[in-house]
Amino acid sequence: MRVLVTGATGFIGSLLIPELLAQGVQVRALTRNPARYAALPGVEVVQGDVLDRASLTNALREIDVAYYFVHSMSKDTRGTGLSFEERDRLGAQHFVDAAGEQGVQRIVYLGGLGDDHDALSKHLLSRKEVGEVLASGQPKLTTLRAALIIGAGGSSFEMLRYLTDRLPVMIAPKWLETRSQPIAARDCLKYLAGCLFEDRTSGRTFDIGGPDIVTYHQLIGIYAQLRGLKRFIIGVPVLTPRLSSYWINLVTPVSAELARPLVDGLKNEMICHDQAILDLVPIERTPIREAIRLALQEPRPKNIGA
Ligand SMILES: NC(=O)c1ccc[n+]([C@@H]2O[C@H](COP(=O)([O-])OP(=O)(O)OC[C@H]3O[C@@H](n4cnc5c(N)ncnc54)[C@H](OP(=O)(O)O)[C@@H]3O)[C@@H](O)[C@H]2O)c1
């Protein structure tokens, strides 16, 4: 099986590639900038940008399954003048069109949890929209919807880590009490790789999450406890996502462009509706404490979304 991994330099793509190689899959990795990408032996690297439709033809040639891990929440490096939602929509449309043309059988997309009735943030709405665009083409789509993924290098996890490490007293708005169902990076990878070998996941959407539902307040508490830190959180009624993102940019390695939509999304509950995925890809789910403990053992990345 020939597989294309987009977002190969990113958090999830870079973790999935070794997992696929270990299972004997032929991997092609897509990045906008191959010169900055140190590929693992055996990985074919292609230059491609989802905003440049022509660059995708070559990238998708003779591919059976393509993983879609692209988002545009970081800087608008091409200077398109489009919002991140518009760029994400356009990129997904280019990708699904090119994949259809090249006879790709399936696309596997990692999107976000969150419910329509909950006035979704721009970020989560955009993730949902990308899924809809990807589903509209010739290839079958498998969508996995996740909340925060716990692992070193994950943008949301790094925000949590740096804020808790550096601030003994944290002023936080009411999203602190929002509930979420985070997932360990290793569980997410098992699901992503498992889908490849389970055809019955084609054409379906699955919620993926760990065994624990926690508020962000509790998450910070568990993290601080595992690190042996005493932390105080003071709740305030209002702290705008714009102000929070500047603050996060100052304290953490996460860029303000990326922090803002992520912070905005914290107001939405992200909880799995069911665990139907376990019938097709059975795994042992990692409890939250163990997920954080594992992430703490991994090396820390320098810049995120810069
Ligand atoms: N991290 C989480 O906690 C989390 C939680 C739930 C869902 N997800 C979803 O998982 C997926 C992957 O997230 P991630 O955390 O791995 O993201 P990430 O680390 O920020 O990586 C994003 C990737 O997108 C690529 N990219 C950006 N613009 C591109 C373009 N125009 N053309 C081609 N590639 C482009 C970048 O590659 P180059 O710069 O090399 O081109 C980069 O590798 C996303 O759909 C995200 O919504 C993540």
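Just so you know, ligand 1 is whichever comes first in the structure, and atom 1 is the first atom listed for that ligand. Fair warning: this is a prediction, and the values are worked out from it, not measured in the lab. Heads up: numbering here begins at 1 and tracks the sequence. Just so it is clear, the values below take in all heavy atoms, side chains as well, and ignore hydrogens, waters and symmetry mates.
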For Gly10, the ligand 1 atoms whose distance to one of its heavy atoms is below 4.0 Å: 19 (O), 21 (O), 43 (O)

Out of all atoms in ligand 1, which are within 4.0 Å of some heavy atom of Phe69? Include the element for each. 12 (C), 22 (C), 23 (C), 24 (O)

Is there a polar contact between ligand 1 and [X], counting only N or O atoms under 3.5 Å apart?
| X | answer |
| --- | --- |
| Gly112 | no |
| His71 | yes |
| Asn33 | no |
| Tyr68 | no |
| Leu148 | no |
| Gly48 | no |
| Leu30 | no |

Proximal candidate to [atom] [heavy atom criterion; set [options]]:
| atom | options | answer |
| --- | --- | --- |
| atom 5 (C) of ligand 1 | Ser156, Ala146, Ala147, Ser55 | Ala147 |
| atom 28 (N) of ligand 1 | Arg127, Arg87, Arg32 | Arg32 |
| atom 40 (O) of ligand 1 | Ile12, Leu90, Thr31 | Thr31 |

Below 4.0 Å from any atom of ligand 1, is there a heavy atom belonging to [X]?
| X | answer |
| --- | --- |
| Val70 | yes |
| Gly153 | no |
| Gly111 | yes |

Side chain to side chain contact (heavy atoms under 4.5 Å, CB included) between Val251 and Met159: does it pass, once the steps are laid out? CA-CA 9 Å; Val251 178; Met159 287 192 334; over 6 Å; no

What is the distance from atom CG of Leu226 to atom OG1 of Thr164, rounded to the nearest 0.5 Å? 11.5 Å

Interatomic distance, Glu158 atom CD to Leu262 atom CG [nearest 0.5 angstrom]: 12.0 Å

Between [X] and [Y], does at least one N-O distance fall below 4.0 Å, as a salt bridge requires?
| X | Y | result |
| --- | --- | --- |
| Arg53 | Glu101 | yes |
| Asp207 | Arg145 | yes |
| Asp116 | Lys128 | yes |
| Arg78 | Asp49 | yes |

With Tyr191 via ring pair (Phe, Tyr, Trp, His ring centres under 6.0 Å) - residues at least two apart: none

Do you see a donor-acceptor pair shorter than 3.5 Å between the side chains of Asp52 and His94? no

Can you list, pair by pair, the side-chain donor-acceptor contacts under 3.5 Å of residues 10-23, counting residues two or more places apart and other chains?
{"residue": "Ser14", "atom": "OG", "partner": "Gly10", "partner atom": "O", "Å": "2.6"}
{"residue": "Ser14", "atom": "OG", "partner": "Phe11", "partner atom": "O", "Å": "3.2"}

